[in-house]
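What follows is a single structure, written as structure tokens, with notes after it.
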Amino acid sequence: MPRELSLADIFQIGYYWETKILLTAVKLDLFTPLKGEALTVHQVAEVLALNARVLDLVMNALVAMRVLRKEGKHFHNTPVAERYLVQSSSEYVGHLLLLHDAEWNNWGQLEETVRTGQSPVNQHVFETHPELGAKVLTVLDRIGRGSGPALAQRLQLQEAKQMLDIGGGAGTNAMAFCREYPGLSATVFDLPQTLTVTKQCVEDAGLSDRIRFQAGNFHEDAFQGTFDVALMSDILHYQDGKTNAALVAKVHGCLIAGGRLIIKDRFLDPSRTSPAWTTAFAVHILVNTEKGDCFTIEESRKWMEQAGFSAVEELEPCAMIQGTK
Ligand SMILES: C[S@@+](CC[C@H](N)C(=O)[O-])C[C@H]1O[C@@H](n2cnc3c(N)ncnc32)[C@H](O)[C@@H]1O
């Protein structure tokens, strides 16, 4: 049993001050001038053209939050800030935080959304801010590279020749699968603006001869080709269940007999109250997409079975499901 919440916990959750302080610091790129250096608030303010009096309050709070350190009048990055929040670091993750900062005003409309049932937006970030979306995908790609090989091995795709990666993003999974299975080629289907990143990542990985690209909108455009395996990874939550059911049926149409559809996502458990991260993510997606949602494994099983898939099985609890045509 999780421990009961205290009043202090309630305040900790309710007071979002630290969240906005961190997001603003990343937006202002406070950590980059501090790379390998200890600077006074006046020096940082001068480099970034900020107001030193106000910046001082923010930087002191960042020290209390253990993101910065302060010795005398000099501030410097903690190891975690130096590694992940300095723009020139190869492990920079700021773009993920900037995405949340960009969506701040949508969160401000949560109350209205709950009252009316109407989301404040009618498009998601990959449509409205493709440049930010692209940067986010680059970070996700770097993080996803760690888990890609194990996923590829787990799926046992030795027999597959052609893979379709729907909403494939930076091509992280397509690249991991092609590396694992030398006989496999892949098509990454995604929005044209996203594919500019995908092409670069695939080229950098030296896989341009094995991975093709199809630009389009997966709700409107047909998938070109016939495939042994299709992957839908982290794309369910941009649309409602009815639309996902139609997408799954469309994927069924482009698979060979015996072909497999694998859906990898953040699923809710049947009570819809767990995993905790996903319950909050469902609200995040509610205010940042027109009709997005999170779903249960059982809901996706139904979409697959209705489309004609058989042997539908949950490969990983709340994470992955597969069906065979
Ligand atoms: C969270 S990313 C997932 C990327 C990748 N599948 C992965 O697991 O790393 C969602 C992807 O879906 C793409 N996407 C969203 N809506 C789309 C649509 N209507 N048509 C095609 N691609 C779409 C986005 O451009 C983005 O690349």
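In each ligand, atom 1 is the first atom listed, and ligand 1 is the first ligand listed. Just so you know, these numbers use all the heavy atoms, side chains as well, and skip hydrogens, waters and symmetry mates.
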Counting only heavy atoms closer than 4.0 Å, does ligand 1 sit against the backbone of [X], its side chain, both, or neither?
X    : value
F218 : both
L140 : neither
H219 : side chain
L137 : side chain

Mind checking whether [X] has an N or O less than 3.5 Å away from an N or O of ligand 1?
X    : answer
S233 : yes
D234 : no
G167 : yes
D165 : no
H124 : yes
N217 : yes

Compile the donor-acceptor pairs under 3.5 Å between side chains in residues 49-56 and protein atoms, sequence neighbours left out, one pair per line.
from: N51; atom 1: OD1; to: R53; atom 2: N; distance (Å): 3.0
from: N51; atom 1: OD1; to: V54; atom 2: N; distance (Å): 3.0

Summary of ring pair (Phe, Tyr, Trp, His ring centres under 6.0 Å) pairs that have at least one residue in residues 128-159, sequence neighbours excluded: none
Within a radius of less than 6.0 Å around CD of E91, do more than 12 heavy atoms belonging to other residues, nucleotides or ligands occur? yes
If you count the non-hydrogen atoms of other residues, nucleotides and ligands that lie under 6.0 Å from NZ in K291, is the total more than 12? no
Between Q109 and N105, a side-chain donor and acceptor under 3.5 Å: no
Out of curiosity, Q162 CD to R212 CZ, how far, rounded to the nearest 0.5 Å? 4.5 Å
